[in-house]
2 protein chains.
Amino acid sequence: MTITQLEYIVAVDTYRSFVAAAEKCFVTQPTLSMQVQKLEDTLGVKLFDRSKQPVTPTEIGIEIITQARILLGESEKIKEIITDRQKELSGELKVGIIPTVAPYILPKILHGFIEKYPQVKLIVSEQTTETIIQQLKLGMIDCGILSTPLNESSLTELPVFYENFVAYVSKNSKLSKKKTITPEDIDMEEIWILNEGHCMREQVLNICQRRKSTQGFKHFEYNTGSVETLKRMVDQNNGATILPELALAGLNDKQLDKVRYFKSPEPAREVSIVIQRNFLKRRMIEALKNEMLEFLPKRMKSKKKREVMDI
Amino acid sequence: MTITQLEYIVAVDTYRSFVAAAEKCFVTQPTLSMQVQKLEDTLGVKLFDRSKQPVTPTEIGIEIITQARILLGESEKIKEIITDRQKELSGELKVGIIPTVAPYILPKILHGFIEKYPQVKLIVSEQTTETIIQQLKLGMIDCGILSTPLNESSLTELPVFYENFVAYVSKNSKLSKKKTITPEDIDMEEIWILNEGHCMREQVLNICQRRKSTQGFKHFEYNTGSVETLKRMVDQNNGATILPELALAGLNDKQLDKVRYFKSPEPAREVSIVIQRNFLKRRMIEALKNEMLEFLPKRMKSKKKREVMDI
DNA sequence: AAGTTTAATAGAAAAAATCAATAATTACTA
DNA sequence: TAGTAATTATTGATTTTTTCTATTAAACTT
């Protein structure tokens with residue numbers, strides 16, 4: 001007994017004709033006839049009296065067709081569950097994301113996401129942590145992707161991944177001599193750092209424990225909002241900087257030589273999707289989170305063996 | 001989406017293991033895995049999270065599996081309809097049948113009937129019309145097969161077929177000269193007739209309009225209860241008799257030469273299944289009737305162009 | 001009684017389900 | 001943390017099932 005066979009007998013009952021029923025089912029008449037016969041065989045009863053025109057269901061046929069209609073109704077409900085779900089997955093999703101995360105994760109998942117959920121319109125804006133929090137509270141965006149913990153009681157954090165910090169050092173730097181480093185090895189004098197307003201600036205300062213430069217003074221200051229710029233400063237000048245590990249993707253061999261990992265427990269940041277406590281668009285945000293997780297390597301999904309930096 | 005696929009996902013949900021589920025469904029694990037995947041493809045959603053052990057249904061998977069269980073329940077009900085019906089088709093069916101019908105119809109359908117309904121025990125007894133009516137009223141038998149109409153208000157008649165009477169005449173008889181005959185042609189003197197108590201005797205007398213023999217007298221009387229004996233009397237002696245047409249089946253060519261049909265409207269008898277007004281065992285009796293109809297030629301199912309004889 | 005409509009049947013082709021063998025993951029354990 | 005065991009996915013061959021076209025058989029209509 002198959003659902004198709006039940007559809008066929010319901011059609012025959014409805015149209016009282018094998019030819020008409022076959023047409024409505026988009027199959028040929030022999031196909032439908034054989035399937036009806038097969039069902040009659042498996043059930044062991046005649047469902048239709050074909051001896052006169054129009055064909056009529058037998059007494060037991062009426063009972064079974066009635067039940068078949070019920071079953072087909074239940075099968076429709078399964079499809080409804082899917083379409084209902086898809087409705088929840090349509091509309092706009094406004095996302096605020098911090099600039100130190102955005103370039104390393106969004107481009108990777110954007111294509112897959114819009115492919116998977118064509119009914120969702122993603123509206124992404126790069127903002128600082130502070131702005132994102134404000135907009136979340138005002139309901140101007142649906143979720144934020146940023147570094148946590150925030151200690152904001154009105155917001156809920158859904159941790160997505162843990163990303164280690166690494167040092168990126170020029171050949172001239174003392175750090176270059178070591179295989180693995182500790183925060184104590186860092187000379188604040190030579191470190192390129194993001195400008196104010198970026199939470200990652202605070203995290204990096206935390207790593208370095210806000211130590212004063214041991215000797216001399218910084219000969220110049222350069223303020224940037226972009227991690228990529230920090231990297232280029234090291235590449236084209238001297239000194240060192242701290243990068244999130246996802247920024248290493250796409251480095252060439254020469255650049256990878258400049259990477260120095262911290263000794264365990266490595267300093268790291270927690271990246272979360274942050275939402276209002278009474279949040280809507282659960283499904284869409286869930287989908288976004290899953291899409292991110294799918295792209296990330298497994299090791300980044302656990303807090304273990306790291307020291308998560310405060311903001 | 002097939003019922004089998006739904007069975008598979010319910011099994012996986014129940015056992016939380018593809019291997020165990022496959023075993024319970026009596027298929028191999030790859031078979032089950034592929035069908036689950038196919039269902040996931042057609043629905044366009046992941047139903048199970050296989051990334052950890054034991055496998056767990058996804059959020060939407062839970063909804064769909066719940067609905068699948070409902071659907072499978074409805075599919076069980078279809079089978080129940082059949083088994084319920086079969087219960088109604090089991091037990092004893094006591095049938096009373098008149099001797100002038102019994103030998104020509106019962107042997108033909110008996111084999112097919114017990115084949116088709118192995119749970120039914122048919123208990124048949126040959127009786128005269130009078131006895132059958134009595135036993136029906138007393139509930140000692142479930143139905144009677146006899147010639148109608150009876151004019152018994154407490155009984156219901158379900159006409160099954162109409163059987164013409166034909167003349168069976170020896171070479172010596174005047175009737176033998178004619179191709180078709182009329183009742184007026186019959187000479188009561190030479191007619192062999194059933195003895196008292198058989199309704200067919202009355203019907204044959206009605207055909208002959210109880211005419212007195214025109215001349216001479218009967219030199220001997222022979223009383224029999226069997227139509228077959230009447231036939232042999234004609235074969236081995238002289239004279240003529242009246243037979244029901246089903247008695248012609250199995251005659252050889254020489255015997256068929258002795259058959260003379262009446263001019264239209266041919267005299268006929270109505271044979272019915274007779275039951276009590278508030279009758280039980282509907283299904284079994286219905287089945288018996290259908291079995292009889294299946295064996296009978298189409299022309300015997302209609303009253304047309306006949307004159308139904310009273311009893 | 002001839003022509004039309006309708007369902008059944010036969011045979012071939014396409015599609016699908018199943019299995020055995022094996023690969024890839026994930027979990028467990030020393 | 002490496003190695004083993006258990007579990008699910010994949011592959012390719014085989015069998016089963018479904019579907020189609022062409023035709024036959026039966027019932028209905030005129």
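First the proteins, then the strands, lettered A, B, ... as listed; each starts at 1.
- The salt bridge (Lys or Arg N to Asp or Glu O under 4.0 Å) test applied to B:Lys303 returns no partner, not counting sequence neighbours.
- OP1 or OP2 of C:dA17 sits under 4.0 Å from a side-chain N or O of B:Lys38.
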Side-chain donor-acceptor distances from residues 103-112 of chain A under 3.5 Å, at least two apart:
residue: A:Tyr104; atom: OH; partner: A:Glu228; partner atom: OE2; Å: 2.7

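- When the C1' atom of C:dC19 is taken as reference, atom CD of B:Gln35 falls 13 Å away, rounded to whole Å.
- Judged as a salt bridge (Lys or Arg N to Asp or Glu O under 4.0 Å), and not counting sequence neighbours, the contacts of A:Glu291 are A:Lys116.
- Salt-bridge formation is not detected for the pair B:Glu266/B:Arg260: no Lys NZ or Arg NE/NH1/NH2 atom is positioned less than 4.0 Å from an Asp or Glu carboxylate oxygen.
- Residues A:Gln203 and A:Ser147 bring a donor and an acceptor atom of their side chains to less than 3.5 Å of each other.
- For A:Ser33, the side chain to side chain donor-acceptor pair (under 3.5 Å) test picks out A:Gln29, with sequence neighbours left out.
- Rounded to an integer number of Å, the gap from CD1 of B:Ile3 to C1' of C:dA17 is 16 Å.
- Note: NZ (B:Lys46) to P (D:dT8) measures 14 Å, nearest angstrom.
- Taking every side-chain heavy atom of B:Val27 into account, C:dC19 is the closest of C:dC19, D:dT18, C:dA17.
- Within the 4.0 Å cut-off from OP1 or OP2 of C:dT18, at least one side-chain nitrogen or oxygen of B:Tyr8 is found.
- Nucleic acid contact class of A:Phe48 (heavy atoms, under 4.0 Å, all strands): none.
- Applying the 4.0 Å criterion to OP1 and OP2 of D:dC20, one finds that A:Thr28 has a side-chain N or O inside that range.
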### Message
One character per nucleotide, please: for nucleotides 3-14 of chain C, 5' to 3', B when the base has a protein heavy atom closer than 4.0 Å, S when only the sugar-phosphate does, - otherwise.
### Response
---SBBB-----
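- The list of salt bridge (Lys or Arg N to Asp or Glu O under 4.0 Å) pairs with a residue in residues 15-36 of chain B, not counting sequence neighbours, reads B:Asp13-B:Arg16.
- Overall bending of the helix from C:dA1-D:dT30 to C:dA30-D:dT1, expressed as the angle between end axes built from five pairs apiece, is 40° (10° steps).
- For B:Lys77, the salt bridge (Lys or Arg N to Asp or Glu O under 4.0 Å) test picks out B:Glu74, with sequence neighbours left out.
- In terms of phosphate contacts, A:Thr31 brings a side-chain nitrogen or oxygen within less than 4.0 Å of OP1 or OP2 of D:dC20.
- Residues satisfying the salt bridge (Lys or Arg N to Asp or Glu O under 4.0 Å) test with B:Glu7, not counting sequence neighbours, are none.
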